[in-house]
Every structure is written in structure tokens, then in C-alpha cells.
Amino acid sequence: MHPMNVIVTDSPEQAFLCAADMITDEIRRSSTPVLGLATGRTMENIYRLLVQQHEAGALDFSGTTSFNLDEYVGLAPTDPNSYHHYMQDHLFAHVNMPANRAHVPNGIAPDLEVECARYEAAIHAAGGIDLQLLGIGETGHIGFNEPPSAFDSRTRVVHLDEVTRRQNSGMFGNDPERVPPRALTMGVGTILDARRLVLVAVGEGKAAIVNEALNGPISETVSASAIRLHDNTTIILDTAAASDWKRRTR
Ligand code: F6R
């Protein structure tokens, strides 16, 4: 197992700043960075900071390629609840990343298996992912890798856990039944292939699952525990998200 770099910040905002700084450094370090991106409430804050940097003239996305982790099956890119739409709204429309290099799995592809294979091939053709941004769900998922997900799983169609449909129901009128039951997601194996992983979690609601992922058994029933197998992982937590984890290791 590899030593994990765990950063605990005093506030959520500092956690977002810390993550945004790592992405900014990656973009400045390489002329052609390949970023793996995530969606959700946590990430909105990080994208807000990146957009601010870009608007201040301090961050150039012209050489950047990105691959998002996941998308709901059945939602068109124009659907306000799709992750395509989320990414446009929070990042792509506000920065100068070439549109043809901003990739999100296509949830309305006529053949989803073909789409998953195409997505894996596109990541490969881009030279692999340099930095993969990750959140963690209540089920311990990274991307939409619900338990159990094999550590060598690749981009595929998954059934969303009821817990996740509830977690994500805010965008769907608080009705878990309206959250699409299936999604396309990069696999745990796809994620582990990235050269660097950065997982961000804030808030008390994440404390138990963060502790489970970092201190519990490395197990396919907690997808996020797989990141401990990676040799370049940074975990950024605010004190609330780190509260259970700190107790156990003290
Ligand atoms: C979404 C994704 C998910 C989220 C996770 C946390 O693209 O990868 O794993 O990161 O569900 O979501 P929030 O930030 O909304 O708590």
C-alpha cells in the first residue's frame, strides 16, 4: 500500500481552493494536460474558482483536454439535469477549452456498449488522464461505481444505488424516482489508470464514508477504498469530513 497524502483544511472553502490550486498547477505545468472531471455539489465550488482564475486572465485552458467520469443514461446533453449540461453551466461555457476536447460520456448513444468502448479508446488516444478529480458518494462510490464494483472495471453501464438516487434527487424535484436508474461511468480500473488522483470531500455528511474508505478494508464494496492502491493520491477534506477519520487514527 502507498502512503496517502491527506490534507485537512479548516473550512470547505479552503478545501476547494486547495483542489483548484492543484488543477491550476497541472494546467500550468503541462502544455497539453488531460484532466479527469467530476460533477456534483462539491465540484461546483472548484469549477467556480477555476472560472474566476480564467476570467482574471490567469488560467489558459486552450491546451487542456478533459474526460468526465459519468453521465445518466437517457438524458440528452441539452437536458438541464444531464452532466453535459452541468459541465457547460459550471465550467465549459466560461473557459477557453476547445469544445471537441471536452469529453462527457453520451448517455443517449444508440448502443451504450459501443459508447463505453469508444470512451475508453478516446482516453487512451489522448495519452491517458494526468489528474483525475474525484468526489465520494454516500455509498462510497467514485464516479458512479456503486458497490460492489470490481477494481479492474472499465467504462460501463451501471445501475444506480437507491442511496445515490436519493443523494442526487435535489436536481430532480427531490424525487428519487425521477433520478435515472442507470448511468455510464468510468470504471474503478479506468480511474486507477490516471497518473494522479485528487479526491475532495467536505461536510459532516461525508465523515463516516470517508473514514470507511480511508481506514476500512480495501474492498470492492467501497469503491473509494481503491484509491489507496494508487501511488499518487491526494485526499482533501475539511475538518467536518475528516472528523471520524481523525478520531480513529489519533
Ligand atoms: C459525479 C461523481 C460522484 C460525486 C459524488 C459526490 O460525477 O463522480 O462520485 O463526486 O456522488 O457528490 P456530491 O459532491 O454532490 O456530494
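Remember, it's 1-based here, ligands and their atoms both numbered in the order they're listed.
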* Asked: Please state which protein non-hydrogen atom is closest to atom 15 (O) of ligand 1 and give its distance, to 0.1 Å?
  -> R41 N, 2.8 Å
* So does E204 have more than 12 non-hydrogen atoms from other groups sitting under 6.0 Å from CD? -> no
* Asked: Run the salt bridge (charged side-chain N to carboxylate O under 4.0 Å, His left out) check on R28 and D21 step by step: do they pass?
  -> CA-CA 10 Å; R28 295 203 181 116; D21 277 352; over 6 Å; no
* **Closest approach of any protein heavy atom to atom 6 (C) of ligand 1, naming residue and atom** => I136 O, 3.4 Å
* List the steps and the verdict of side-chain hydrogen bond (donor to acceptor under 3.5 Å, both in side chains) for Q53 and T24. => CA-CA 9 Å; Q53 290 263 332; T24 303; 4.6 Å; no
* **Identity and separation of the nearest protein heavy atom to atom 4 (C) of ligand 1** => T39 O, 3.9 Å
* **Among G143, G36, G40, closest by any non-hydrogen atom to atom 3 (C) of ligand 1** => G143
* Got the closest protein heavy atom to atom 5 (C) of ligand 1, with its distance? -> H141 NE2, 3.5 Å
* Looking only at distances, please establish whether an N/O atom of ligand 1 is found under 3.5 Å from an N/O atom of Y83. => no
* To do: Pick one of side chain, backbone, both or neither for how D70 approaches ligand 1, counting any non-hydrogen atom pair under 4.0 Å.
  => side chain
* **Rounded distance (nearest 0.5 Å) linking atom OH of Y83 with atom CG of L37** => 13.5 Å
* Asked: Under 6.0 Å between ring centres, would you say that holds for F172 and Y72?
  -> yes
* Out of curiosity, is K206 lining ligand 1, as in a heavy atom under 4.0 Å away? -> yes
* Can any side-chain N or O of D238 pair as donor or acceptor with the backbone N or O of D10 at less than 3.5 Å? -> no
* Asked: Could you go step by step and tell me if R165 and E146 meet the salt bridge (charged side-chain N to carboxylate O under 4.0 Å, His left out) rule?
  -> CA-CA 11 Å; R165 291 176 79 203; E146 302 290 20; over 6 Å; no
* Lys/Arg-Asp/Glu bridge criterion (N-O < 4.0 Å) met for R118, E115 -> yes
* To do: Give the residue, atom name and distance (to 0.1 Å) of the protein heavy atom nearest atom 12 (O) of ligand 1.
  => Q167 NE2, 3.5 Å
* Does K206 pair with E212 as a salt bridge, N-O distance under 4.0 Å? -> no
* Mode of N168 contact toward ligand 1 - side chain, backbone, both, neither (heavy atoms, under 4.0 Å) -> neither
* Structure fact -> protein heavy-atom neighbour closest to atom 14 (O) of ligand 1 works out as T42 OG1, 2.5 Å
* Structure fact -> Note: L69, heavy atoms under 4.0 Å from ligand 1, region reported as side chain
* Which residue supplies the protein heavy atom nearest to atom 10 (O) of ligand 1, what is that atom called, and how far is it? -> G135 CA, 3.3 Å
* Looking only at heavy atoms of E138, does any of them come nearer than 4.0 Å to an atom of ligand 1? -> no
